[in-house]
Each structure stands twice: as C-alpha cells, then as structure tokens.
Protein chains: 4
Amino acid sequence: MARGVNKVILIGNVGGDPEVRYLPNGNAVANITLATSDSWKDKQTGQQQERTEWHRVVFFGRIAEVVGEYVRKGSKMYIEGRLQTREWEKDGVKRYTTEIVVDIGGQMQLLDGKPQGGEQGMAPRPQQQRPAQQPAQRPAQQAPQQSAPQQPAPDYDSFDDDIPF
Amino acid sequence: MARGVNKVILIGNVGGDPEVRYLPNGNAVANITLATSDSWKDKQTGQQQERTEWHRVVFFGRIAEVVGEYVRKGSKMYIEGRLQTREWEKDGVKRYTTEIVVDIGGQMQLLDGKPQGGEQGMAPRPQQQRPAQQPAQRPAQQAPQQSAPQQPAPDYDSFDDDIPF
Amino acid sequence: MARGVNKVILIGNVGGDPEVRYLPNGNAVANITLATSDSWKDKQTGQQQERTEWHRVVFFGRIAEVVGEYVRKGSKMYIEGRLQTREWEKDGVKRYTTEIVVDIGGQMQLLDGKPQGGEQGMAPRPQQQRPAQQPAQRPAQQAPQQSAPQQPAPDYDSFDDDIPF
Amino acid sequence: MARGVNKVILIGNVGGDPEVRYLPNGNAVANITLATSDSWKDKQTGQQQERTEWHRVVFFGRIAEVVGEYVRKGSKMYIEGRLQTREWEKDGVKRYTTEIVVDIGGQMQLLDGKPQGGEQGMAPRPQQQRPAQQPAQRPAQQAPQQSAPQQPAPDYDSFDDDIPF
DNA sequence: TTTT
DNA sequence: TTTT
C-alpha cells in the first residue's frame, strides 16, 4: 500500500555494464547508471548548451537478473521505478544517495534495435555465480551462450511468470 | 510481458457512483467515469474557455472491490492504468470504445480530504451481492457498516495482500 | 490551467507513414497510429497470448512538422500527450473517437537506432506543400534532401525554439 | 531539446512552509520537501511496516511564486518534474544532493479540498519582497490579502499566461 | 560512465 | 518535516 505516488520514468543510455550481486536471501540486485541529456540554446550567448544527468538505478529480484544478462554499457533503456534516498556514513559523516529503485511494481525495457546476430548480438551473458546453498526463488532459465539472429530485444515488467523473451 | 509502454495517469473527479459487477469466474469489475478539465483564455476573443474531458475507467479484481466500497460520485481520484479499445456492435454497425483499464500493474488512490466522521463519512458501502457458488479468489474482509472517525482515505496498488487500509 | 491531470505515455511502433495537413491558420496537424503489445501465458491453456493495442495519436504545431519529416512506418517512438475524445456523426449516428493529443505540453522522441546513412537513412522527407498564403508561424528550416551520415535521431519537446536536431 | 526522458511524478504531503527567494535575474525559486509513504506487512514477522520517503522539490519561475503563495506545511500536492543532482562542497568534501526540479515543462497541483473560508482558508500569503530593481519577467498580479470563500484550490502548468486561479 |  |  502506498500513501502518495512516487514514480520515476527515464529513457537514457547505460553508462557501464551492470554489476549484479546476490543478497543473503538469494535475491539478485543489479546496479547501473543511466544518462539523460538536455540541450538548449543559451538566451544570452546564443550558444548551444548541454547537460547530462546521471541517474543511479538499482534493480531487485527477477528483473535484476534480466538486467545482468541483457543490459550492457551503451544500452538504451526505458525504466519505471521509484525514488529512494539511502543514508550512509563515511569518516563519521552522514551522506545521502538517491537512487531509482526498480522492483515489483516497476518496469524496464530495452530500446536498442534488433540484434544483428553474431557474437556481438543479443546473446545473454553467462549468468553470475550464485551461492549454491541459496538458490534464487525464481531462477532464470539457463540462457544459451550463443546469440540467436532475430532474437527480440528483451523487456520486462514485474508481473511475468516466465523469462521475458 | 509488454512490448512497448501503455500508461495513463489521471487525476480527476468521479462522475457517479461506481457500478460493480462480478464475472463468471468471481472477479469483480467496477466502472466509473472520471472528469479532467482544461481551461484557457482564447487568444482571439480573450474569453475564458473550459473543456471537460470524460474518461471511462474500468477496474478489475481486488481493486474493483475497493472502488465499489469507497469511491463515490464526486470523489477525487488518482488512477494509473492502460489504454484499451473495445469493439462492439449496435444495429449491425461496429463501434469502438476506449477505456482506461486498471488492474494488476495499475494503481488508484483516493485524494479526498479526511472524512468528517458521522454517517456521511468514509464508511465503506455494503458490498454488492456476489454469486455464492463463485467466491472471489481474494474476498474482501467484511467492512463495518458504520463510519469510523479518522478512518484514512483508502488507496490501493495491486501488490497488497491485504485490505487497503 | 488544468484541473486534474490527463497524461498518456506510450512507447510503440508506428503503423504507417504520418499524414500531415495544415489548418486554415497555418498550423500543422499530423496523424499516426501507434501499436503497443502485451503478451502473457494463458493460465488455463498454458498458451502464449498476444494482444496489440492500436492508439490514434494526433500532433499539432511544430511537433507535427517534425513528425511529418522524420517519422515513418515502423518507427519506434516515445510519446507523451493527453486523452481527448471527439464526437462525430455518420449516417445520423453519433460516434466517438478517442485520441492521444500531443501539442505544447506534450513530448515525442524517436527511439530508432542510429541512421545508417545512405538513401535509407535519417534524411528528412521533403516537406508537404503548405498553402503559400498561410505561412506557419514557426516554419521549419528547409531540410536537406539527402541524408547525412551520423545525423542523430530527432526528438522533440515543445519548449524548443529551434529545429530539434 | 532532450535526448532521453527524465520525469518524476509525485503525490505527497508538504513538510513545511515553502521558502521562496529571488535570483539576481528576478526569477523566483521555491523549495519544499514532500513526503510519500509506503506501508507493507513484513512477510516474516507479520508486522505492519511503514517507510516515508522525503523528496526535495525546487520550483522555478512563475510556478515558484504560486507555490510561495498557496502551498503550506501539510498541503497535499501533485508535482511533475525532473531529476537533477547538484554537487556541492563542505569541509573540502564533495557532496551530492538530488532534487526534483519543477519549471517550465513541469506541473504542480494542489490536491487539498476546497478551502473552508475564514482566516484559515485559501487566501494567498502576502508575497515576499522582491528586489525592486530586478522585476520578474512575469510579475504576479497582486493577490488579495483576504480569503474568498469557495476559492478553488490552485493548480498550475507552465503554459498559462495568467495567474493560475 | 552513456548517447548524439 | 508531512500525512494516515
């Protein structure tokens, strides 16, 4: 239940390959940064300006596994999540980090064009090692190592019971 | 799974008390109309103009039951759903009706102020009769017939396992 | 001014080349249909199901000209607009059509990959004929007939003073 | 122009009266914090949990003046803006603060019920002092000091040419 | 750190 | 710091 609405919608490019790890309970967590840019013409100088905004996005659960397998540096993505600010400490000083959380209730979608096939194509990456004694509740089907031509760009919303493609 | 994004976000006022009915499988369906308005000043005449847009919204499942119990004519609501156009026929002519569907994956929230208490307050309406042989999969807890002062305005997103307040 | 919120966000594929026309006041109008799809596995039969939703989208003003020049059948687009239902009559019978209106306050973005260059590339199409006596208030700069390699995918929000690329 | 989409939609309660100030160019800036809450039942303990998220929201321009006049501690608001992270320094250490920026292209709406009239009602607060030598480009019409019964809850989107009520 |  |  929510009192209020807390929704973030982003389309941008991924800054680096995702880092996926597993929580003690076996749930996957994936982190990426996503860039969105604005450009405008300065009213005074007439110069074209550009500003890139970097967003920290963290995925949980099944969607994190999909991100780990299919998202790469440079990928164009749609994501829908919620804002969350974490408190942490360094040298005894409190710091705050704001992230976009994408879990159940969120959504993601890869917007890159169709894979071209070949080794560069849309083949999923081999899955990260998961601690054997803590299996994920919803293990992903083992994906083939080699790309399939014409394999569609994956997308995901949290209500699927199956792998998203 | 979705290919693409199909999202509608509305805040408006409800045109009449919801109509709730039950599908053969026991799932609830609730229909409302929701009004949003725009006003602007006509550039030529300088006159203030106003246009009200009426939206057909249909809720399914547990959220439909909540709507049936708590939403009333005049309620101010936030809803998040998806567009769907149905085809139907009348006098041999095909017609189309576009609705906003709110089910799992959607969200709703009542934005009315605090209930004032008393008989006019936020007490849930008695539930509609449901066919006894087809119980809903997630029957709502029987709500009290009389209003409780300070009872919070209900809201709902589809991931709750319990009654929404 | 708005009382309420009326917002639609879509990502989908364009069903056909846009039709652009000009209003008597010189403003451009562009119409497209946009497909979004859902797929799911039927709980009873276990069969994979798919449903495609077709949305009527209408653009006004400068953004309509950009659509006319750059959007094509098959283009993948992000659009943000508002719902509007028009009443019309045929054979003395009232009909209703619901459209997503994208004008000032809305946004669109082409999500197709980089142009490949060459005749198939991202070169704008020649502009439609516009009635000479009714120049658009914000005429588009005449775009070159031939594609430029590396020309970026256009996007647009209504606050730009310049052509969007 | 934007490459990508950067959109935040919030409905929540305001944590304190807005602080309004004026930039050297005469533009108004208003800051608020907005609370959204989630509650859920812990799966292990069965305990009801609640988490409140506080969002920093900053308004620019005409919309900031409206916020300064009408928004108060406890107000329920809808806002639509974009994420922006600012870098600042304290004791030689870089810090980052993420805010939701609402300016042209954004939207806000007060969701509180109709004012009850009387001194507690929806009367605008007296406007802050503005440096006389740097008038705002779009000065607000001087609002009456006393409340009017039945005055509608103000709302605002950036495309209005007039005061928003 | 992405992308154009 | 809000709200329920």
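Lettering of chains follows the sequences in order, A, B, ..., and the numbering in each one begins at 1. No experiment lies behind these values; they were computed from the predicted model shown.
In this entry the distance linking CE of A:Met77 with P of E:dT2 reads 17 Å, nearest Å. Put simply, CZ on A:Arg56 is 14 Å from P on E:dT1, counting in whole angstrom units. Look at NE2 on D:His55: it is 17 Å from P on F:dT1, rounded to the nearest Å. Distance CD1 (A:Ile79) to P (E:dT2): 19 Å, rounded to an integer number of Å. Distance A:Leu111 CG to E:dT3 C1': 13 Å, rounded to the nearest Å. As a whole-Å value, the separation of A:Ile32 CD1 from E:dT1 P is 17 Å. Here F:dT1 presents its C1' atom at 16 Å from CG of D:Leu10, a figure rounded to the nearest Å. With rounding to whole Å, D:Arg72 atom CZ is found 21 Å from F:dT1 atom P.
Stacking annotation: D:Trp54 is stacked on the base of F:dT1 (ring centroids less than 5.5 angstrom apart, interplanar angle below 30 degrees).
In this structure, the separation between OH on A:Tyr78 and CD on A:Gln107 is 5.5 Å, given to the nearest 0.5 Å.
Comparing F:dT1, F:dT3, E:dT3 against the side chain of D:Arg3 picks out E:dT3 as the nearest. When distances run from any side-chain atom of A:Asn13 to the nucleotides E:dT3, E:dT1, F:dT1, the shortest one goes to E:dT3. For A:Thr33, the side-chain atoms get nearest to E:dT1 when compared with the rest of F:dT3, E:dT1, E:dT3. Of the candidate nucleotides E:dT2, F:dT1, E:dT3, E:dT2 has the atom nearest to the side chain of A:Ala35.
Using modelled atom types, one finds a donor on one side chain and an acceptor on the other under 3.5 Å when comparing D:Trp88 with D:Thr97. Residues A:His55 and A:Thr33 bring no donor and acceptor atom of their side chains to less than 3.5 Å of each other.
For A:Glu89 and A:Lys94, the salt-bridge test fails: no basic side-chain N is under 4.0 Å from an acidic carboxylate O. We find that D:Glu53 and A:Arg82 are not joined by a salt bridge, their nearest charged nitrogen and carboxylate oxygen being 4.0 Å or further apart.
A donor N or O paired with an acceptor N or O is found under 3.5 Å between the base of E:dT2 and the side-chain atoms of A:Thr52.
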